[in-house]
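Let me begin by presenting the structure, written as structure tokens, before commenting on it.
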Amino acid sequence: MREYLTYDDIQILPKYSDINHRSSCDTVTRLTKNYKLDIPIVSSPMDTITEYDMAYEMSRLGGMGIIHRFMSIEDQSKIVDELNTHMVGAAIGITGDFIERAQELNNVGVPIICIDVAHGHHKLVKEAMRRLKNEVKGSFDVLVGNIATAEAARDLCEWGADGLRIGIGGGSLCSTRIQTGVGVPMVSSILDCTGIADDYDVPCMADGGIRSVGDVCKGLACGADTIMLGSLLSGTKETPGIITKQGQWPNEVLQKKYRGSASLESKSDRGETKNVEGYSTTILYKGKVKRIISDIIDGLRSSMSYVGAKDISEYQINSEKIKITNAGIIEAKPHLL
């Protein structure tokens, strides 16, 4: 059997650099065929991650948020309309009223419609894409996922995808690999999918498995054009939900809820009970998302300077990945913590 790798299995080899300062590294990247972002970060369409506040702040910082689909068509369209920008995305499914939802989103000028399903290499996705292209006339691009293989990337590109979302079973609250045995480690999945998508000039987004700024860098170095974040952004001021307190003053701890879209709690709120493949938890309150995004972009620009890359395209070309041992994984972490 072939060996498949994930983020902890690799490091990026340093190269000769003529970058005077990391601030000169350009982080502009392609989101889809027709849209770019100033920074390669997108917030996940989860009901505890992206609604108005997160999408607004992500757009202001140069990235993008994708409004989740677990609300009424009217509420989702209203959020997109109130944001009044062309840098916001909105998620739809592939059954039920998804065409009506897409039409209303198109009416308020959404630039990106994300077909948001657990298994994107599916005949229902093919049919949904066909109907979107034929029945909803607009200037939006279609971002499709999630997928994990070269075959899936080729098929979705042939079906007309404007952008691909890569990652199955790697989310921090996802239990798909445990409950089904299905999934592909992220590094190999990104390399396989981008290798095909590049032939079609279709940008790719890596979604899942990100636990640190270094993982963001590795995902981009492996060929992803953007990185989708969920858990790293969870618990921030801009996520939906209220701040709760645990413990007694003056030692009380502030928290916010974070749950997977396929968790029992999330599905129960939607009146569903089957195919539960995720968990719910509480996250320590992190404050404003701006601090996290700033840390990520600082780390990315430093990584780009380590390999002598002035922009994301050069970064992907210059980044030579090396496989490391378990001892290397341990060595890579701070030793005194």
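Because the structure is predicted, anything quoted here is derived from the model rather than measured.
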Pairwise distance NZ(K78) to CG(L83) - rounded to 0.5 angstrom | 12.0 Å
Within the distance-only criterion (no hydrogens, no angle test), does the side chain of S294 pair as donor or acceptor with the backbone N or O of K290 below 3.5 angstrom?
-> no
Hey, is NZ on K15 packed in by over 12 heavy atoms from elsewhere, all under 6.0 Å?
-> yes
Do side-chain atoms of N106 reach the backbone of K137 as a donor and acceptor pair under 3.5 angstrom?
-> yes
For the residue pair D225 and L31, establish whether any side-chain heavy-atom pair is separated by less than 4.5 Å.
-> no
State plainly whether the residues D18 and K310 are in salt-bridge range, i.e. N to O under 4.0 Å.
-> yes
NZ/NE/NH1/NH2 to OD/OE distance under 4.0 Å, D192 and R2 | yes
Looking only at atom types and distance, does a side-chain atom of S43 sit under 3.5 Å from a main-chain N or O of T50, one as donor and one as acceptor?
-> no
Q76-R101 side chain donor-acceptor pair, cut-off 3.5 Å = yes
Can you say whether the rings of H119 and H122 are parallel (under 30°), tilted (30 to 60°) or perpendicular (over 60°)?
-> perpendicular
Tell me yes or no: between the side chains of D162 and T32, is some donor less than 3.5 Å from an acceptor?
-> no
Side chain to side chain donor-acceptor pair (under 3.5 Å) partner of N146, chosen from T176, D116, D207 | D207
Cluster overlap V213 with I292, hydrophobic side-chain contacts below 4.5 Å = yes
Kindly give the heavy-atom pair with the smallest separation between G167 and M186, and that separation in Å.
-> CA-SD, 3.7 Å
Looking at V88, L143, I113, which hits side-chain contact (heavy atoms from CB on, under 4.5 Å) with I66?
-> L143
Look up atom CG in D26 and atom CD in E314, then write down how far apart they are to the nearest 0.5 Å.
-> 10.0 Å
Has the side chain of T236 got a donor or acceptor atom that lies under 3.5 Å from a matching backbone atom of K288?
-> no
Do V187 and I168 belong together in a cluster built from hydrophobic side chains that touch within less than 4.5 Å?
-> no
Assess whether atom CD of E135 is packed by more than 12 heavy atoms of other residues, nucleotides or ligands within 6.0 Å.
-> yes
Heavy atoms, side chains only, cut-off 4.5 Å: are T226 and I41 in contact?
-> no
What are the two closest non-hydrogen atoms of Q11 and A332, and how far apart are they?
-> NE2-CB, 3.8 Å
Begin from the C-alpha positions of Y52 and V80 and carry the test side-chain contact (heavy atoms from CB on, under 4.5 Å) through to its verdict.
-> CA-CA 8 Å; Y52 178 91; V80 172; over 6 Å; no
Heavy-atom closest pair, residues S189 and I166 = OG-CG2, 3.3 Å
Are the side chain of N134 and the backbone of R130 linked by a donor-acceptor contact shorter than 3.5 Å?
-> yes
Do S72 and D75 meet the criterion of a side-chain donor-acceptor pair at a distance under 3.5 Å?
-> yes
Reported SG-to-CE distance for the pair C25 and M304, which is rounded to 0.5 angstrom | 4.5 Å
Is any NZ, NE, NH1 or NH2 atom of the basic residue among K323 and E3 found under 4.0 Å from an Asp or Glu carboxylate oxygen of the other?
-> yes
Cation over ring face, R60 and Y56, 6.0 Å, 45° | no
Given M46 and F70, is the side-chain contact (heavy atoms from CB on, under 4.5 Å) satisfied, shown in steps?
-> CA-CA 8 Å; M46 301 169 72; F70 306 115; over 6 Å; no
Whether over 12 other heavy atoms sit under 6.0 Å from Y35 OH | yes
Consider only side-chain N and O atoms of H121 and E151, and report whether a donor and an acceptor are under 3.5 Å apart.
-> no
Exercise: do Y7 and S212 side chains pair donor with acceptor under 3.5 Å = no
Out of curiosity, does I39 fall in the hydrophobic cluster containing I112 (side-chain heavy atoms, cut-off under 4.5 Å, transitive links)?
-> no
Tell me whether V289 is reachable from L284 by hopping between hydrophobic residues (I, L, V, M, F, W, Y) whose side-chain heavy atoms are closer than 4.5 Å.
-> no
Assess whether atom CD1 of I178 is packed by more than 12 heavy atoms of other residues, nucleotides or ligands within 6.0 Å.
-> no
Say you draw a straight line from CG of L164 to OH of Y200; how long is it, rounded to the nearest 0.5 Å?
-> 10.5 Å
Donor-acceptor pair, K321 side chain versus S319 backbone, under 3.5 Å?
-> yes
Is the count of non-hydrogen atoms from other residues, nucleotides or ligands lying under 6.0 Å from K123 atom NZ greater than 12?
-> no
State whether the side chain of Y258 and the backbone N or O of S231 hold a donor-acceptor pair below 3.5 Å, judged by distance alone.
-> yes
Would D9 and I324 count as a side-chain contact (heavy atoms from CB on, under 4.5 Å) if you check the C-alpha gap in whole Å, the side-chain angles of each, and the deciding distance to 0.1 Å?
-> CA-CA 6 Å; D9 295 319; I324 59 175; 5.6 Å; no
Heavy-atom closest contact (M205 atom, M228 atom, distance) = SD-CE, 3.4 Å
In short, L220 meets P40 closest at the heavy-atom pair CD1-CG, 3.8 Å
Is the shortest distance from a Lys or Arg side-chain nitrogen in R211 or D8 to a carboxylate oxygen in the other one below 4.0 Å?
-> yes
Does a sphere of radius 6.0 Å around CD in Q246 hold more than 12 heavy atoms from other residues, nucleotides or ligands, not counting ones at 6.0 Å or beyond?
-> no
The reported gap from OG in S23 to CZ in R301 (rounded to nearest 0.5 angstrom) is 7.0 Å
What pair of heavy atoms forms the shortest contact from E252 to W249, and how long is it?
-> OE2-CD1, 3.8 Å
Stepwise side-chain contact (heavy atoms from CB on, under 4.5 Å) test for I49 and S234 | CA-CA 6 Å; I49 294 295; S234 65; 4.0 Å; yes
So, the side chain of K286 versus the backbone of L232: is there a donor-acceptor pair under 3.5 Å, distance only?
-> yes
Are side-chain N/O atoms of K256 and T239 paired as donor and acceptor at under 3.5 Å?
-> yes
